[in-house]
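Counting starts at 1 for both ligands and their atoms, in listed order. This structure is a prediction, so every number in the text was calculated from the model and none was measured.
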Amino acid sequence: MNKKQSISTLTALAVATTMAFGANSTGLKDNMPFKLGVAVSNAQINDIANGRKTQALDLIKRNFNQVVAENAMKDQPLQPIEGHFAFDAADAFVDWSNKNGMKTMGHVLLWHSQLPGWFTRGDNGKLCSREKLLDRMENHIKTVVTHFKGRVAGWDVVNEAVEGDGSYRRSDFYKILGEEFIDYAFKFAHEADPDCELWYNDYGNESAKKNETIASIVRRLKSKGMRIDGVGLQTHIRIDSPSIESYENAINLFVAEGVKVAITEMDISVLPSAWGLTAEVSTKVEYREKLNPWPDGNLPPEVDKQLGERYAEWFRMFRRHAASIDRVTVWGLSDSSSWLNDFPVPGRTDYPLLVTRDMKLKPWTKSL
Ligand code: G3I
């Protein structure tokens with residue numbers, strides 16, 4: 001082998017190695033007409049912050065080109081005590097994702113859950129005044145959006161403000177300010193960073209009534225000349241429901257309002273339903289063995305096949321709407337870290353994601 005040949009062999013080897021193991025190597029993301037995203041857990045962010053190299057972080061870099069923190073950028077972790085912001089973990093995460101060229105989304109500016117008690121209450125525990133809440137919203141949203149300016153592409157500005165029957169959720173925000181709390185949140189976010197994408201995010205989009213109310217929020221903001229870029233459909237679904245058509249209708253409805261859509265928190269539970277379809281985090285059901293049929297971490301092959309087919313069907317629908325879909329994000333990397341293992345029944349073993357408990361891509365992911 002002459003010198004030139006050995007250099008080109010080395011170059012080919014280096015390219016092959018990068019493709020197999022490196023940040024830019026080929027993975028699921030490379031076969032998608034939209035960004036493929038994943039929610040990054042607190043444990044994974046802790047590894048990032050401590051400079052640890054793990055199999056999970058490698059899998060994320062290889063297979064996904066968009067990320068969002070599963071918990072680390074919610075109100076409670078970012079401002080646990082009024083006036084005391086804690087940005088270290090989120091900063092480590094955002095710097096890491098930027099360095100690796102992944103679209104980074106912020107989740108979430110206003111949500112009734114994981115909200116520190118002080119945010120909407122006075123010292124006496126009663127709801128605070130309208131002025132006080134507006135002041136706190138403005139301070140939190142502007143401080144956080146300004147802090148991450150230019151480092152996150154967009155924010156879920158408001159999460160889960162609408163119920164399945166189309167009414168507004170009676171959150172503290174709503175009780176104090178009415179539906180206009182949403183408008184204020186979008187206003188404060190836009191004032192802090194005019195270049196930032198602003199999204200409304202919710203679950204349960206099989207409900208046409210819920211979607212109508214979300215569409216009316218989009219119209220209201222737009223009629224006031226305000227910025228709203230899109231509607232996030234969380235897509236926490238089950239192996240047997242809801243219908244794909246119900247989500248396709250939702251996508252068509254929001255796109256007709258002139259905004260983009262994103263699939264923001266997808267997972268597919270295979271476990272028996274404890275009741276209806278919900279992502280309402282305050283719900284809990286008592287553990288019963290029959291609600292946890294595969295506790296040892298092995299899903300029967302026929303159920304795994306059914307799960308793969310269900311994912312493939314949904315991705316075929318997403319591909320049909322690729323021009324309107326900003327990203328498809330799964331809510332967690334592997335089955336072992338899914339929130340569904342503890343929701344709505346604590347202590348179950350679910351199989352809702354693309355990566356197995358032993359950190360292997362499920363074989364059917366190739367067909368997505
Ligand atoms: O951070 C505390 C920790 O200090 C404490 O020791 C530990 C003990 O339980 O709890 C930790 O907080 C937990 C947090 O996740 C971080 O791990 C909360 O108890 C737990 O309730 C929380 O669950 C998250 C849930 O949102 C509520 O915020 C889930 O991981 C997360 O997947 C889930 O995500 C939501 C989206 O944000 C919005 N859409 C629905 C989706 C699923 O509920």
Check your understanding: Is there side-chain contact between L361 and L28, with heavy atoms separated by less than 4.5 Å?
Key ->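 Of all side-chain heavy-atom pairs linking L28 with L361, at least one is under 4.5 Å.
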Could you tell me, atom by atom, which parts of ligand 1 come under 4.0 Å of a heavy atom of [X]?
X	value
H236	40 (C), 41 (C)
N159	38 (C)
N42	16 (C), 17 (O)
W339	32 (O), 42 (C), 43 (O)

Review point. How far does CD1 of I268 sit from OG of S338, to the nearest 0.5 angstrom?
Key: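 So the gap between those two atoms works out to 11.5 Å.
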Practice item. Answer yes or no: does an N/O atom from W331 fall short of 3.5 Å to an N/O atom of ligand 1? Key: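 It does: an N or O of W331 is found under 3.5 Å from an N or O of ligand 1.
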**Study point:** Heteroatom distance test (E265, ligand 1): nitrogen or oxygen, under 3.5 angstrom
**Key:**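 Yes; at least one N/O pair falls below 3.5 Å.
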Review point. When you look at Q114 and D75, which way does the side-chain contact (heavy atoms from CB on, under 4.5 Å) test go after all the steps?
Key: CA-CA 7 Å; Q114 268 190 281; D75 296 4; over 6 Å; no
Between [Y] and [X], is the closest basic N to carboxylate O distance under 4.0 Å?
X	Y	value
E248	R320	yes
R227	E191	no
R121	D172	yes

Review point. Quick one: are the ring centres of F318 and F315 less than 6.0 Å apart?
Key: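 Ring centres of F315 and F318 closer than 6.0 Å.
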Point to revise | Proximity winner for atom 28 (O) of ligand 1, if only heavy atoms of E160, Q114, Q76 are counted | key: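 Comparing heavy atoms across E160, Q114, Q76, the nearest one to atom 28 (O) of ligand 1 lies in Q114.
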Exercise for review: Give a yes/no verdict on whether any heavy atom in F343 is under 4.0 Å from an atom of ligand 1.
Suggested key: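 No heavy atom of F343 comes that close to ligand 1.
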Review point. Applying a 4.0 Å heavy-atom criterion (strictly less than), which segment of Y203 is in contact with ligand 1: side chain, backbone, both, or neither?
Key: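 Looking at Y203 and ligand 1, no heavy atom falls under 4.0 Å.
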